[in-house]
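Let me begin by presenting the structure, written as C-alpha cells, before commenting on it.
The shown structure was predicted, so the numbers you read here are calculated from the model rather than taken from an experiment. First listed ligand is number 1; within each ligand, the first listed atom is number 1. The chain is numbered in sequence order, starting from 1.
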Amino acid sequence: MARKKVFGNCRICGIYTKLSFEHVPPEAAFNNHRVVGKHIFELINKDPDYYFDGKGHISQRGAGAYTLCEKCNNDTGAWYGDAFANFAHQSLYILKHAKGRPSLYYPFRIYPLRVIKQIITMFFSINKDQFRFSHPDLVKFVLNKNERYLSPDIRILVYFTLGPHARYVGGTSISAIEVNPDEISRDMLDDMLNQYQRDYPKSLYSSEIAFPPLGYVLSFGLEPLDNELTDISFFARYPYGDWTSLHLKLPVNPVNTWYPGDYRSKEQIRNNFEENTQIEKEIQKRKQAEKNQ
Ligand SMILES: [Zn+2]
C-alpha cells in the first residue's frame with residue numbers, strides 16, 4: 001500500500017516540506033508493533049482497564065506521526081537512534097532481571113549524549129510548532145550532533161514503566177497516543193490542564209513520553225521537582241563519542257491515566273474516584289438540604 005504524503009512544517013527545523021513518519025520512540029526501541037491509540041476525550045473519568053480494551057485508532061507500524069522532514073528524521077535517527085535503542089534494551093534487561101522490581105543502582109553502558117538527544121528529538125515530535133519557536137537552543141542541540149550542555153532550567157527525567165500503556169503529553173497537546181490532534185480544541189485542553197494543575201499543584205511537567213520500558217519527562221524551571229524521577233540532564237555534558245558506564249537507579253512507575261506525572265496504581269485511581277464521587281454526593285446533598293430549608 002502506498003504511504004500517504006503529508007506536507008507541513010518540520011517540528012525541528014521548521015522547513016515546510018513533505019514530512020516523514022517519525023516513530024516515537026524509534027522502531028528499534030520496541031516500537032515496531034501494532035499499537036492502539038485512544039482520543040484523549042475518550043479517556044476522561046474512565047476506569048484504567050478501559051485504556052487497554054484493544055479498541056481505538058490502530059497503527060500497525062508502531063506509535064508515531066508525520067512530524068519531521070526526511071533530513072531531520074534521517075540525521076537524528078543515524079546519530080542517536082541506535083544508542084537510544086540500546087539504552088531501552090538495557091533497561092528492559094534490568095527490568096526482567098529484577099522481575100519488575102529493580103531497587104538498586106544498575107550499570108548502564110551507553111552513549112549518554114546520544115541518548116538524551118534522542119529523547120529531546122522525541123519531545124519535538126510530540127509538541128507543536130510553538131515548542132520549536134520557544135526553544136531555539138534545543139533545535140541547535142539536536143541538529144548539531146556535537147553540541148553539548150543544556151540550559152540549567154531544562155531537565156530531563158526518566159523512570160521505568162512496565163506497560164502496557166503508553167502516554168504522550170506535549171506542552172501544547174495531549175493524547176494517549178496522538179490520534180486526531182486536529183479535533184482537539186485548544187481551549188478544552190487548556191481547561192483540562194488547568195484543572196489538573198489545580199488538583200496537582202506540584203506538577204511542573206511540560207511534556208512526558210511513556211513507552212515501556214521507559215518514561216521521560218521534560219521539565220522547565222529551576223525549582224526542584226518534588227518527585228522521585230531520575231534526573232539525567234547531566235547526559236548532555238558528555239561528548240558525542242563518549243561511550244561510558246553509568247550507574248543509575250530508576251523508579252518503576254505505573255502509567256494508568258493520560259495525566260502527565262500521574263503514577264497512581266489502578267487501585268489508587270479507583271479509590272480516588274470513589275472518594276471524589278462521595279464528596280460530590282455530599283455536596284449535592286447539602287445543596288438540596290439548603291434548598292429545602
Ligand atoms: Zn527538519
Between the side chains of S245 and R109, is a donor N or O closer than 3.5 angstrom to an acceptor N or O? yes
Which count of protein N, O or S atoms is obtained for distances strictly below 2.8 Å from the Zn ion (ligand 1)? 4
So does E267 have more than 12 non-hydrogen atoms from other groups sitting under 6.0 Å from CD? no
What I want to check is whether the side chains of N272 and R264 have a donor and an acceptor closer together than 3.5 Å. yes
Within a reach of under 6.0 Å around CG of D82, are more than 12 heavy atoms found that belong to other residues, nucleotides or ligands? no
Look at atom CZ of F234 and say whether more than 12 heavy atoms of other residues, nucleotides or ligands are closer to it than 6.0 Å. yes
Within the supplied structure, the quantity of interest is the number of heavy atoms (other residues, nucleotides, ligands) at a distance under 6.0 Å from E274 CD; does it exceed 12? no
